[in-house]
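Presented below is the structure to which this report refers.
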There are 2 protein chains.
Amino acid sequence: MKRITIRDVSVKAGVSTAAVSYVLNGREGKVSPETVLKVRRAAEELNYIPDFSARSLVNNKSKLIGVVIPQTEDRKQLLLQNPFYSELICGIEARLRQSGYHMILSGVEKGEGYLDTSMQRNLDGAIITGIYQESFYEDLKKVRMPIVLIDSYIYDSHFHVVGIDDELGGYMATKHFIDNGHTNIALVTGLIRKDGVVEKRFLGYKRALKEAGLFYHPDYVFEHSVTYEYGQEAAHLIAAKHPEITAVFATSDLMAMGVMRGLRDAGKQVPEHVSVIGFDDISVARMSTPPLTTIMQDTIARGITAADRLLTAIGNTDGELPAEPTIMPLTLVDRDTVRKLT
Amino acid sequence: MKRITIRDVSVKAGVSTAAVSYVLNGREGKVSPETVLKVRRAAEELNYIPDFSARSLVNNKSKLIGVVIPQTEDRKQLLLQNPFYSELICGIEARLRQSGYHMILSGVEKGEGYLDTSMQRNLDGAIITGIYQESFYEDLKKVRMPIVLIDSYIYDSHFHVVGIDDELGGYMATKHFIDNGHTNIALVTGLIRKDGVVEKRFLGYKRALKEAGLFYHPDYVFEHSVTYEYGQEAAHLIAAKHPEITAVFATSDLMAMGVMRGLRDAGKQVPEHVSVIGFDDISVARMSTPPLTTIMQDTIARGITAADRLLTAIGNTDGELPAEPTIMPLTLVDRDTVRKLT
DNA sequence: GCCTGTTAGTTAATCGATTAAACCATAATG
DNA sequence: CATTATGGTTTAATCGATTAACTAACAGGC
């Protein structure tokens, strides 16, 4: 089955390829109504489908968006096991498709940059999730396409940011514990990196403590990787060394699930002995036993918004308007893992 | 920042673009060692990155693979909420990247085909998950690229299949119940469609019953959508109308999780009152309470295998060797949701 | 009748690669 | 010495679009 080209259409319609191109791209002001009809019919009958590579070559628009997802440390696999990213992708894909764009989903090799991919594929834009080294972002700035960051707070006119108020989220969770009478509150979290979301949540945690006149115990903070396994491990530590702790704020639902398992391993009931709050409200949060109280963000909506913002940035060829971050709302979903201590 | 082209490299190296192309594509037999060196150096210094669109145009190879994921019924979103697909994608992406390929991840509009995308983007191959209407596959056959199917059993020389022995899986689960003394075994499943994976699991279920001399009760089969919610609903029905049922085989872990919740809602303990077995062993299976007994398949490995098979098919330009399906192994992971009735 | 403007359409250059074919030394062969 | 290989390199066509520049025809305006 040979490819149908614009040439074939032009021959069938009895006009030049230029005319076909004009018609098919909506520059109809330049073409008479009857020609438009002839071309339309010919294209239809031949079932003509344009070649995006050829297009991309001449006008530098590929209709391709790069989406970068963080990877597991050990292997070279995407971190999709955290449903947060899956949901994000659902949103992104839906919005992109709506506008005829496609998504190239990939991870980034450790130490490698993203410049290669972006140039090879002539990407029109990119959505970057996860947190990387400084040099990675420096590289990205050299690229001339719009970029939306999801997980990091780099306020730079080169980058768009679609985020949430992570500090507030951390505050809300901690405050909720305090309001329910808890005073010994642990934090279980991924690595706290500068300008990362986790750092902000950590700051919110501290603010709530301070505001309530509670001490901040550095040894109540359990900081490592954002995994179920680490949550479990942290819970073991808490149960063994800090029996006074009655509440655990995990900065990710995945970790919160692990914490709950770990506590149960150690013979502690949730929420009777220890209360737990998570973050994100991924779909499994409501499936857990007991259903997890968590800070909810509408991740799909966030994906849609990120894609939306990227697309409008791509549309605006008139210079680079520096980007004011978009902040999505948060809600505390009060399920069954927080006990009221009166 | 203007693009560095092969022309720039050729000028800097003082040779023709053809020479540069030969060097950079490894046809070094045609070029003298010193030219190779000059070109290498020039390309390096200019940081030359080839344009895949241009390449694709001339030799019809885009190094792009289409990956299709099913969508939710109502909205237009990908079905990534089922971690099965996320894991598959992890595997696929890892393998593709290793060979310099990229993945275009998308859903398919209801009723639409995939021909457009495949032609527009000049895809080198595709991995199709999910089950679609007959016409969709007919369309796919017209395309000249290799295709790997993941969720359907269409044995046709046009398609490669990387599957599991679903019938056996269904049999294993049911047999496990029977071996533990259960006789009233329900099946909770997605829509049973011809040539789909679910149908095979259903057949395995029936075979195990028959082999054990047990009756097959059509009203023990709860068939609807592959969601947590439906699992929950089915469990309610079971608890209300069929108190004699002591075991539930759910053809997806997601549904199994819902079943467990539903049983608990209805005041039934798992596994004390009712036992449950799932399918897939998605990561949340081990996180559930109690940890779910399930039929394990290594989904990441399956993704890797699918990509691998696709890549070799792409490599083999020597005619279309019809495809013998690849069958991945299954294991029953015996966790804590099956009770022994002695 | 001459000039200008408008409309509809075509021609041909261009994007950035690849590659068959041509070219040209120089070496080997009869 | 004429002829044929051979190895290294360049020339130029090609892939499938887009689009600036051009042409031709015709309508008005003076």
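Predicted model only: the values in this text are computed from it and were never measured.
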Starting from [atom2] on [N], measure out to [atom1] on [X] and report it in whole angstrom.
| X | N | atom1 | atom2 | result |
| --- | --- | --- | --- | --- |
| B/Leu57 | C/dG16 | CG | P | 12 Å |
| A/Ile6 | D/dC15 | CD1 | C1' | 14 Å |
| A/Leu37 | C/dA8 | CG | C1' | 16 Å |
| B/Asp8 | C/dC15 | CG | P | 11 Å |
| A/Lys38 | C/dA8 | NZ | P | 13 Å |
| A/Glu34 | C/dA8 | CD | P | 9 Å |
| B/Leu24 | C/dT18 | CG | P | 8 Å |
| B/Asn59 | D/dG16 | CG | C1' | 14 Å |

| OP1 or OP2 of C/dG9 less than 4.0 angstrom from a side-chain nitrogen or oxygen of A/Ser32, does that happen here? |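 Yes, because at least one side-chain N or O of A/Ser32 sits under 4.0 Å from OP1 or OP2 of C/dG9.
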
| Any A/Tyr48 side-chain nitrogen or oxygen under 4.0 Å from OP1 or OP2 of D/dG16 |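 No, outside the criterion.
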
| task | I would like to know whether B/Ser21 and B/Asn25 meet side chain to side chain donor-acceptor pair (under 3.5 Å); could you show each step before the answer? | result | CA-CA 6 Å; B/Ser21 177; B/Asn25 290 313; 3.3 Å; yes

| query | If we only count heavy atoms from C-beta on, is the B/Ile69 to B/Ile89 side-chain gap below 4.5 Å? | reply |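 Counting from C-beta outward, B/Ile69 and B/Ile89 do come under 4.5 Å.
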
| request: Indicate, with a heavy-atom threshold strictly under 4.0 Å, whether B/Thr35 touches base, sugar-phosphate, or nothing. | output: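 It contacts sugar-phosphate atoms only.
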
| message | Looking only at side-chain N and O atoms, does B/Tyr137 offer a donor or acceptor that is under 3.5 Å from a partner on B/Ser152? | response |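 Yes, B/Tyr137 and B/Ser152 have a side-chain donor paired with an acceptor closer than 3.5 Å.
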
| message | Quick one about B/Ser32 and B/Thr35 (side-chain donor to acceptor, distance below 3.5 Å, no hydrogens or angles considered), yes or no? | response |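 Side-chain D/A pair, B/Thr35 to B/Ser32: present.
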
NZ/NE/NH1/NH2 to OD/OE distance under 4.0 Å, [X] and [Y]:
| X | Y | result |
| --- | --- | --- |
| A/Arg302 | A/Glu87 | no |
| A/Glu44 | A/Arg41 | no |
| B/Arg95 | B/Asp308 | yes |
| A/Arg97 | A/Glu93 | yes |
| A/Arg3 | A/Asp51 | yes |
| A/Asp156 | A/Lys141 | yes |

Atom pairs under 3.5 Å, N or O on each side, protein against nucleotides 20-25 of chain C: can you list them with distances?
unit_1	atom_1	unit_2	atom_2	d
C/dA20	N6	B/Tyr22	OH	3.4

Could you check which of [options] has an atom nearest any side-chain atom of [X]?
| X | options | value |
| --- | --- | --- |
| A/Asn25 | C/dG9, D/dT18, D/dT9 | D/dT18 |
| A/Thr5 | C/dG16, C/dA8, D/dG16 | D/dG16 |
| B/Arg55 | C/dA8, D/dA17, C/dA17 | C/dA17 |
| A/Ala19 | C/dT10, D/dT18, C/dG9 | C/dT10 |

| said: Using a 4.0 Å cut-off on heavy atoms, which residues in residues 9-17 of chain A reach DNA chain C? List them by number, or say none. | reply: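 Going residue by residue through residues 9-17 of chain A, the ones with a heavy atom under 4.0 Å of DNA chain C turn out to be A/Val15, A/Ser16.
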
| request: Using the closest heavy atom to pick a nucleotide of DNA chain C for each, name whichever of A/Ala54 or B/Val58 lands nearer the 5' end. | output: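 Nearer the 5' end of the strand: A/Ala54.
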
